[in-house]
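Numbering of ligands and ligand atoms starts at 1, following listing order.
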Amino acid sequence: MSWRATVLTLFPEMFPGPLGASLPGKALEKGVWLMETLDIREFARNKHRSVDDTPFGGGAGMVMRPDVVDAALGAVADRPGPVIYLSPRGRKLDQAMARDLADGPGVTLLCGRYEGVDQRVIDSRRIVEVSLGDFVLSGGEPAAMALIDACVRLLPGAMGSEESLDEESFERGLLEYPHYTRPQAWIDHEGVERVVPEVLTSGHHEKVRQWRRAEAERITAERRPDLWSAYVAAGEEDGN
Ligand code: SAH
């Protein structure tokens with residue numbers, strides 16, 4: 001059974017969008033995963049087919065109605081995996097979460113627009129909130145795409161070589177080492193010749209591995225003290 005992404009949105013035409021290209025697009029074509037969108041507007045019942053209304057208590061913006069959102073959620077209640085509302089108040093998406101979701105049967109994603117969704121439907125459906133980061137998007141769709149992309153590339157059969165996965169940023173609690181390709185000597189825009197670190201062309205696999213590990217550690221310590229502390233606390237920095 002293919003991994004299944006079900007997306008509830010007011011803008012179904014946005015999908016698959018970027019997920020139809022490159023790696024996720026090829027995996028979608030191959031049937032490694034399935035993409036389903038549900039237009040929340042189809043579940044609007046009043047004569048104006050309104051999906052949103054003004055907030056009780058006043059204030060700017062509109063709020064998505066609980067009855068409409070609930071009806072949409074009810075229509076996909078049998079889809080596999082957890083229901084997630086993309087929201088800046090949610091737990092921050094990380095690689096461990098993407099891996100957990102990719103290991104499961106799929107995910108149902110609720111995309112907010114305007115000021116967001118009436119709290120009661122989030123409470124009654126016990127929906128988990130997941131955030132892309134500490135910034136505000138105009139809608140949940142780009143966040144849903146990012147989450148799906150992060151999961152899909154982890155699915156068996158999505159990527160050409162499985163081993164490129166466990167070397168990557170975050171997989172071992174470190175940012176990734178730098179990459180180099182041809183030409184080995186390259187003149188930059190200021191006329192300076194830049195050569196590839198010698199160890200990488202030495203053909204010495206163990207030295208390459210050690211160099212990469214050291215670079216990953218250096219870059220992580222420099223840029224992400226939070227990740228570095230966790231890595232040191234886990235006792236991983238012993239050079240193996
Ligand atoms: N009034 C809200 C922001 C609403 S933005 C607040 O201040 O918290 C409109 C929609 O965009 C949200 O309902 C949510 O689905 C989505 N969204 C915005 N920022 C997001 C983020 N950082 N991560 C995930 N979804 C986000």
* Carboxylate-amine/guanidinium proximity below 4.0 Å for E206 and R209 -> yes
R153/E168 ion pair, N-O < 4.0 Å
yes
Within the 4.0 Å heavy-atom cut-off around ligand 1, the contacting residues, ordered by chain and number, are Y85, L86, S87, P88, G112, Y114, E115, G116, V130, S131, L132, G133, F135, V136, L137, S138, G139, G140, A143
**OP:** Go through D39 and R41 one step at a time and tell me if the salt bridge (Lys or Arg N to Asp or Glu O under 4.0 Å) criterion holds.
**Re:** CA-CA 5 Å; D39 186 350; R41 196 168 298 278; 5.2 Å; no
Using a 4.5 Å side-chain heavy-atom cut-off and chaining through intermediate ILVMFWY residues, the residues clustered with V208 come out as Y180, V196, V199, L200, W211
side-chain contact (heavy atoms from CB on, under 4.5 Å) filter on S87, not counting sequence neighbours, yields Y85, R89, E129
In a table with atom names and distances, give each donor-acceptor pair under 3.5 Å that connects a side chain of residues 61-69 to protein atoms at least two apart or in another chain.
unit_1 : atom_1 : unit_2 : atom_2 : d
R65    : NE     : D67    : OD1    : 3.0
R65    : NH2    : D67    : OD2    : 2.5

